[in-house]
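Order of listing sets the numbers, starting from 1, for every ligand and every atom in it.
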Amino acid sequence: MIRTQVLGLGSYVPERVVKNEEIPFLDDKHVRGDVVRTETDDAWIYKRTGIRERRYVPNDGNTATSDLALEASKRALADAGVDAGEIDCIILGTLSPDFHFPGTAVLVQKKLGIAEKTNCACFDIRQQCSAFVYGLQMADAFVRTGMYKRILLIGAELHSHSLDFSTRGRDVMVLFGDGAGAMVLGPSESDDPRSGVMYTAAHADGTGALDLYLKIFEINKLPYIDYNPTDRETNQLMYPHMDGKRVFLHAVRGMVMASQAALAKTGLSWDDITWFVPHQANLRINEKVVEVAKIPPEKVLNTIEWYGNTTAATVPLTIDYWRQQGKVKRGDRILAAVFGSGFTWGASIFTL
Ligand code: COA
């Protein structure tokens with residue numbers, strides 16, 4: 001039977017580390033000044049979120065989401081020992097695409113130098129923090145049916161350019177960072193139902209769509225973009241908005257339900273899982289999930305302390321981070337649970 005295997009994994013974060021202590025002094029170009037522009041501090045941020053620092057791209061106009069995706073992809077391809085020219089499908093999850101259209105996957109295809117060579121299929125998916133599990137479900141279905149044989153699954157985000165660096169936007173601004181993670185997936189013959197990608201489930205509840213959103217434009221209106229992009233002080237449309245408490249509650253509920261269902265449907269227990277990798281939105285959310293779902297705390301991997309929330313990138317980035325630390329190894333069985341804007345959520349069990 002054809003089953004989907006993880007062939008390789010890679011991640012990339014930009015070099016600039018932005019510590020909580022710097023945040024109050026950053027202007028909207030990320031330049032540190034002498035005066036406090038945002039009323040916040042390390043104690044508040046760490047206590048409520050578990051975040052100490054995050055990464056930002058250089059603000060030189062030369063780095064886009066596709067560049068972060070490209071770096072993570074190159075590392076995943078090298079890890080898999082797969083040549084970029086072998087990729088026959090790219091699935092890219094992001095909420096911070098380079099442009100409104102075309103999608104970012106085609107830009108990565110071009111930057112990988114395989115566009116004209118392969119003309120491979122390119123999908124952009126829009127499931128925000130849940131994109132990795134949604135993308136994995138697509139990849140798994142494609143591989144099992146024989147549709148594609150070398151799939152590059154990417155989660156990449158450039159958040160730092162669309163945040164509101166002021167007290168007004170502090171609830172959202174302090175949470176997010178830039179980064180990317182990628183996986184290469186392909187088929188292998190196996191009769192072991194526990195091998196490779198064992199389980200994926202994806203869910204959504206559109207009644208939560210406006211509990212966490214970034215509009216930029218409203219296509220039902222004319223003009224459909226109604227703001228002055230040089231005036232960041234007054235424009236609301238260009239920033240993300242969030243009902244933090246509702247998101248917190250739904251995130252806990254969604255990830256607990258998805259994790260418990262993953263075990264129930266596969267007949268596994270936490271003894272069979274090497275690592276639990278939750279989406280990295282807020283350490284307090286993940287602590288609650290661990291408590292409610294009775295997950296052994298020593299099996300939980302987090303990276304939010306160093307990277308903040310990188311949305312579609314958090315799961316592969318976290319696995320790769322801990323692999324580089326020597327904790328995660330090939331053959332480990334991972335249960336990943338995600339929750340994001342939409343609302344969307346889901347879980348997956350796979351062997352690395
Ligand atoms: N620094 C300092 N104070 C802040 C702040 C910041 N960065 N952000 C908000 N505050 C203030 C609020 O203005 C409020 O002040 P007030 O009491 O004077 O009105 C106070 O802190 C409490 O705000 P509240 O929104 O009730 O805080 P909270 O305990 O709900 O924590 C979040 C806020 C954003 C940390 C929390 O709601 C959260 O993490 N939600 C989920 C977010 C998330 O995961 N999003 C991504 C999902 S994929």
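Contact atoms of ligand 1 toward Val174: 7 (N) (distance under 4.0 Å to a heavy atom of the residue). For ligand 1, the atoms closer than 4.0 angstrom to any heavy atom of Phe339 are 48 (S).
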>> Run the salt bridge (charged side-chain N to carboxylate O under 4.0 Å, His left out) test on Asp88 and Lys149 for me, step by step, so that the C-alpha distance in whole Å, both residues' side-chain angles and the decisive distance to 0.1 Å come before the verdict.
In response: CA-CA 7 Å; Asp88 53 5; Lys149 293 198 162 36; over 6 Å; no
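A heavy-atom separation below 4.0 Å is not found between Arg284 and ligand 1.
Note: an N/O pair closer than 3.5 Å links Thr40 and ligand 1 by distance alone. Among the atoms of Thr49, none of the N or O lies under 3.5 angstrom from an N or O of ligand 1.
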Would you give me the side-chain donor-acceptor pairs under 3.5 Å for residues 14-25, sequence neighbours excluded?
unit_1	atom_1	unit_2	atom_2	d
Arg16	NH1	His30	O	3.0
Arg16	NH2	Glu22	OE1	3.3
Arg16	NH2	His30	O	2.9
Lys19	NZ	Glu53	OE1	2.7
Asn20	OD1	Arg54	NH1	2.9
Asn20	OD1	Arg54	NH2	2.9
Asn20	ND2	Asp42	OD1	2.9
Asn20	ND2	Ile51	O	2.6

Just list the side-chain donor-acceptor pairs under 3.5 Å for residues 248-264, sequence neighbours left out, or say none.
unit_1	atom_1	unit_2	atom_2	d
Ser259	OG	Met255	O	2.7

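Salt-bridge check for Lys329 with Asp332: failed, with every basic side-chain N at 4.0 Å or more from each acidic carboxylate O.
For atom 48 (S) of ligand 1, the nearest protein heavy atom (residue, atom name, distance) is Cys129 SG, 3.1 Å. Nearest to atom 46 (C) of ligand 1 among the protein's heavy atoms is Asn309 ND2, 3.7 Å.
Among Gly342, Gly169, Gly340, Gly244, the residue whose heavy atom lies closest to atom 41 (C) of ligand 1 is Gly244. Relative to atom 33 (C) of ligand 1, the option among Phe248, Trp44, Phe343, Phe176 with the closest non-hydrogen atom is Trp44.
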